[in-house]
Amino acid sequence: MKEALLTFLAGLLFGAGLALSGMTDPSRVVGFLDLADDWDATLAFVMGGALVVFSAGYFLLRKKCHLPGNESESDSVSKKLIIGSILFGIGWGLGGFCPGPALANLAAFQTEALIFVPMMAVGVFFAQRFCGVDK
Amino acid sequence: MPDSHINGLLGGCLIGLGSLLAMIVSGKVPGISGVFGRLLRPSTKDKGWRIMFLSGLIAGAFLLFQISNDAARLIIPEGRNLFVFALAGLIVGFGTRLGGGCTSGHGVCGMGMGVKDSIVATLVFMAAGFVTVFLFNSLLLAS
């Protein structure tokens, strides 16, 4: 019960952070990815803040809290990782949505999110069904 | 520093804190695409914390949307209709699971832990994002 509440609180912090940071606004994300005009640097500040806090916490608490290790699965980077990340980047640039903000915007009943999220579930299903991921 | 950058930094810290707390409680790397993706598999046993984390995420965004007009500003970039969002959703779902993570799983958690794969993945999806926006804007919007 306590764990469930703490996980809900973790999600609450995450979702509030996404909305506060402006990352739920697709025009801000696309504004970062668009180097051609009037560059919006906000996303870099969000990543920076998140990385500093998460990284500091991880390395301080890694042993004490038995956190997951940080070894890569193999020496070479897999083809799946590269192809998957290219595809993700394309989809990200198209809509300005990555999974977190798309889910967060369900809270605003935003039409784009209401279409994006079920389609994202379909994409996940295809990857799991035909590419053997998430086993 | 403009307000948007300060809010970005503060919001980013909350995202980092939420990810850290979720990792401590679950013992897993709490990337959103993985938390969401594994929920869809019938064989996943630890669905409880995934549901709690994602409902918390939606509730947290809901709260902010209510109290802040800035946060509630959700503008659709030029030229992106609902078909584009449908296609983008499909590609993002497929790509993040094939690549093993998204902006949070690779970009925040994996990079923050110093995982080599995640650093590579983040550089790759960032580059693909820059190229996509450039092509979309120059080919589709210019015409």
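Letters A, B, ... are given to chains in the order of the sequence lines, protein chains preceding strands, and every chain is numbered from 1.
Proximity to chain A is absent for every atom of B:D70, based on heavy atoms less than 4.5 angstrom apart. There is no contact between B:S26 and chain A, counting heavy-atom distances below 4.5 Å. For B:F36, the part sitting under 4.5 Å from any heavy atom of chain A is the side chain, from C-beta outward, and nothing else. Neither the backbone nor the side chain of B:S68 comes within contact range of chain A; no heavy atom of the residue lies under 4.5 Å from a heavy atom of that chain. In this structure, the portion of B:L54 lying under 4.5 Å from any heavy atom of chain A is its side chain and not its backbone. Proximity to chain A involves both the backbone and the side chain of B:M126, based on heavy atoms less than 4.5 angstrom apart. Of the atoms belonging to A:F130, not a single heavy atom falls under 4.5 Å from chain B. Neither the backbone nor the side chain of B:T44 comes within contact range of chain A; no heavy atom of the residue lies under 4.5 Å from a heavy atom of that chain. When heavy atoms are compared at a cutoff of 4.5 Å, B:R80 approaches chain A solely by way of its side chain, counted from C-beta outward. At a 4.5 Å heavy-atom cutoff, the contact between A:L61 and chain B is made by side-chain atoms alone. Contacts between A:V30 and chain B at a heavy-atom distance below 4.5 Å involve backbone atoms as well as side-chain atoms.
Atom CG of B:N81 has more than 12 heavy atoms from other residues, nucleotides or ligands within 6.0 Å. Counting non-hydrogen atoms of neighbouring residues, nucleotides and ligands closer than 6.0 angstrom, the CZ atom of B:F130 exceeds 12 such neighbours.
No side-chain heavy atom of B:F85 sits under 4.5 Å from any side-chain heavy atom of A:T111. Between A:E71 and B:K116 the shortest side-chain heavy-atom distance does not fall below 4.5 Å. Within the 4.5 Å cutoff, the side chain of A:C65 has heavy atoms near those of the B:I24 side chain. Side-chain contact between B:E78 and A:S27 is absent, with no heavy-atom pair separated by less than 4.5 Å. Using a 4.5 Å heavy-atom cutoff, the side chains of B:H106 and A:L81 are in contact.
Note: B:L82 leads B:L39, B:L82, B:L135 in heavy-atom pairs under 4.5 Å with chain A. Of all the listed residues (A:S78, A:A41, A:G48, A:S85), the one sharing the greatest number of non-hydrogen pairs under 4.5 Å with chain B is A:S85. When each of A:N70, A:L20, A:D34, A:L5 is checked for heavy-atom pairs under 4.5 Å with chain B, A:L20 comes out on top. The candidate with the highest count of non-hydrogen atom pairs below 4.5 Å against chain A, out of B:L10, B:V25, B:I67, B:D117, is B:D117. Taking B:S55, B:G100, B:A88 one by one and counting their heavy-atom pairs under 4.5 Å with chain A, the maximum is reached by B:A88. The greatest number of non-hydrogen atom pairs below 4.5 Å with chain B, out of A:L35, A:V122, A:I83, is found for A:L35. Among A:G31, A:A4, A:G22, the residue with the largest count of heavy-atom pairs under 4.5 Å with chain B is A:A4. If you tally non-hydrogen atom pairs under 4.5 Å between each of B:G89, B:S4, B:S104 and chain A, the highest count goes to B:G89. Between chain A and the residues B:A71, B:S118, B:G31, B:P2, the largest count of heavy-atom pairs under 4.5 Å involves B:A71.
A:F126 and B:F94 have their aromatic ring centers separated by at least 6.0 angstrom.
Checked for salt-bridge contact, A:D134 and B:R41 miss the test: no charged N lies under 4.0 Å from a carboxylate O.
Here B:H5 contributes atom NE2 and A:F45 contributes atom CZ; the two are 5.0 Å apart, rounded to the nearest 0.5 Å. Atom OG1 in A:T7 sits 13.5 Å away from atom CE in B:M23 (nearest 0.5 Å). Atoms CD1 and CG, on A:I115 and B:L90 in that order, are 13.0 Å from each other to the nearest 0.5 Å. Atom CZ of B:F136 sits about 13.0 Å away from atom CG of A:L33, to the nearest 0.5 Å. The line from OG of A:S55 to CE of B:M113 is 9.5 Å long, rounded to the nearest 0.5 Å. Atom-to-atom distance recorded for A:R28:CZ and B:I75:CD1 is 8.5 Å, nearest 0.5 angstrom.
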Report, one line per pair, each donor and acceptor closer than 3.5 Å where one atom sits in a side chain of residues 11-20 of chain B; sequence neighbours left out.
| residue | atom | partner | partner atom | Å |
| --- | --- | --- | --- | --- |
| B:S19 | OG | B:I15 | O | 2.8 |

Show every donor-acceptor pair shorter than 3.5 Å between a side-chain atom in residues 90-110 of chain A and any protein atom, with sequence neighbours excluded, or say none if there are none.
| residue | atom | partner | partner atom | Å |
| --- | --- | --- | --- | --- |
| A:N105 | ND2 | A:T24 | O | 2.8 |
| A:N105 | ND2 | A:Q110 | OE1 | 2.8 |

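A donor-acceptor contact shorter than 3.5 Å is absent between the side chain of A:Q128 and the backbone of B:R97.
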